[in-house]
Protein chains: 2
Amino acid sequence: MELSKHNLYRAQWSILYYLANYGSATLVEISNYLGVEKPTVTRTVTRLEELGYVEHVPGKDRREKRMQLTEPGSKIYQDVRVTIDQFEQDILKGISEEEQLQAIRIMKEIRNNILQKGDNKND
Amino acid sequence: MELSKHNLYRAQWSILYYLANYGSATLVEISNYLGVEKPTVTRTVTRLEELGYVEHVPGKDRREKRMQLTEPGSKIYQDVRVTIDQFEQDILKGISEEEQLQAIRIMKEIRNNILQKGDNKND
DNA sequence: TAGTAATAGTTACCTACGCTAACTATTTCT
DNA sequence: AGAAATAGTTAGCGTAGGTAACTATTACTA
């Protein structure tokens, strides 16, 4: 899709997105945000490090690995952001602002329902 | 998610779904419907054959492989259908019929916009 | 009608990305 | 101080996407 233009994959993008919007995050934070197990995050973050898009920033708690975007990582994020914004504009053609807000509101309600269902810490 | 309760994976389900709603289909038809390459379809259909959920029905054109659900395949489809219907009811709790129709209409418009964008036979 | 095009599928191979189980290192709690 | 909890890693499994190169069959065309 749009991401492949930038040689980025979905899971990789979702982490760049999170870091761009939250500044920095530990692997566990990312894991919770994405709803994915820790080893999955470890692997993708490692890949992003190899690509030079994210870097480790040491903190007090030496167990955790707090990550942030690098300069190139921010650059890539901005580039993809533009591509995606353009894509969104295209696919929303002919849909009024009002309709968009309606749809977003409803989707948020559904999202809340889903989150409540999956609230069990385990399973 | 809901599919894992039935030991089914997303791509597998999408093919069962298509066959349940269209009766039978060739691999190329499935490939077009799902928007994935032929080898991907070959693999997943092979897996579904191993599981005994789909079977080959010979036709005139001996190049193509027309598939349909088996008895057990239909049974599984129905079972999953029930699980998913229940799930949908749950996550739509508190959203009026009117709102649902609105959202569906808007999503269909977006879908059409996306399909038009990707209309190029190649690329 | 013989020969070429196109079409349907397959095989082999690469990568991404979920998962679980079992582990180390560090911090927190008792 | 010692046990329990937390953060992350490693190894290994399976599904699922992709491309390149191939076979078999059908359709087109000169």
Side-chain angles (χ1 to χ4, degrees), chain A residues 1-19 24-51 53-68 76 80 118 120-123, chain B residues 1-19 24-51 53-68 76 80 118 120-123:
Chain A
M1 59 140 153
E2 304 306 308
L3 293 177
S4 61
K5 295 177 188 165
H6 301 269
N7 290 312
L8 258 197
Y9 291 87
R10 187 179 39 75
Q12 294 170 2
W13 165 251
S14 65
I15 291 175
L16 293 190
Y17 176 88
Y18 187 74
L19 293 179
S24 74
T26 66
L27 301 211
V28 164
E29 283 168 28
I30 294 170
S31 169
N32 290 331
Y33 169 69
L34 296 180
V36 143
E37 296 301 321
K38 294 183 296 174
T40 305
V41 175
T42 296
R43 196 201 305 111
T44 303
V45 163
T46 299
R47 187 78 187 92
L48 289 173
E49 274 184 298
E50 287 170 8
L51 293 170
Y53 296 165
V54 303
E55 65 191 352
H56 177 61
V57 279
K60 319 150 201 206
D61 190 332
R62 285 168 43 221
R63 284 173 304 181
E64 59 185 26
K65 196 173 172 188
R66 181 154 233 105
M67 308 298 297
Q68 66 182 12
I76 291 286
V80 178
N120 332 323
K121 282 139 202 96
N122 306 319
D123 175 70
Chain B
M1 62 139 152
E2 305 305 307
L3 293 177
S4 59
K5 296 178 188 166
H6 302 269
N7 290 313
L8 256 197
Y9 291 85
R10 187 178 39 78
Q12 294 170 1
W13 165 251
S14 66
I15 291 176
L16 294 189
Y17 176 88
Y18 187 74
L19 293 178
S24 75
T26 66
L27 300 209
V28 163
E29 283 168 29
I30 295 171
S31 169
N32 290 332
Y33 169 68
L34 296 180
V36 300
E37 296 301 320
K38 295 183 296 174
T40 305
V41 175
T42 296
R43 195 203 307 112
T44 303
V45 164
T46 299
R47 188 76 188 92
L48 289 172
E49 273 183 301
E50 286 169 8
L51 293 169
Y53 296 164
V54 303
E55 65 192 353
H56 178 61
V57 280
K60 319 149 200 204
D61 190 334
R62 286 166 44 220
R63 283 173 303 181
E64 59 186 25
K65 196 173 172 187
R66 180 153 234 106
M67 308 300 296
Q68 66 182 11
I76 291 285
V80 178
N120 331 325
K121 282 140 203 94
N122 306 318
D123 174 68

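Just so it is clear, the structure is predicted and the values come from calculations on it, not from any experiment. Every chain is numbered from 1, with letters handed out A, B, ... down the list of sequences.
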Practice problem: By nearest nucleotide on DNA chain D, pick out whichever of P39(B) and R47(B) is the more 5' one. | Solution: R47(B)
Quiz item: Which residues within residues 56-63 of chain A lie with some heavy atom under 4.0 Å of an atom in DNA chain D?
Solution: R63(A)
Quiz prompt | All side-chain hydrogen bond (donor to acceptor under 3.5 Å, both in side chains) counterparts of R43(A), not counting sequence neighbours | solution = none
Exercise. Give a yes or no on whether a donor-acceptor pair under 3.5 Å exists between the nucleobase atoms of dG14(D), that is its base, and the side chain of R43(B).
Key: no
Exercise. Between V36(A) and T42(B), name the one whose nearest nucleotide on DNA chain C is closer to the 5' end.
Key: T42(B)
Quiz item: With a non-hydrogen cut-off below 4.0 angstrom, is E37(B) in contact with a base, only sugar-phosphate, or nothing?
Solution: base
Quiz prompt | Anti or syn - dA16(D), cut at 90° from 0 | solution = anti
Quiz item: Looking for any heavy atom pair under 4.0 Å, which part of the strands does T26(A) touch: base, sugar-phosphate only, or nothing?
Solution: sugar-phosphate
Quiz item: Where do E49(B) and E55(B) land on the side-chain contact (heavy atoms from CB on, under 4.5 Å) test, with the steps shown first?
Solution: CA-CA 6 Å; E49(B) 273 183 301; E55(B) 65 192 353; 6.0 Å; no
Self-check item: Pairing annotation in dot-bracket form, given for DNA chain C with Watson-Crick or G-U pairs under 3.5 Å and | for cross-strand partners
Solution: ||||.|||||||||||||||||||||||||
Exercise. Take atom NZ of K38(A) and atom C1' of dA7(D), then tell me their distance rounded to the nearest Å.
Key: 5 Å
Self-check item: Nucleotide of dA16(C), dT9(D), dG18(D) approaching T40(B) most closely (side-chain heavy atoms)
Solution: dG18(D)
Quiz prompt | Options dG8(D), dC19(C), dT10(C), nucleotide nearest the side-chain atoms of K65(A) | solution = dG8(D)
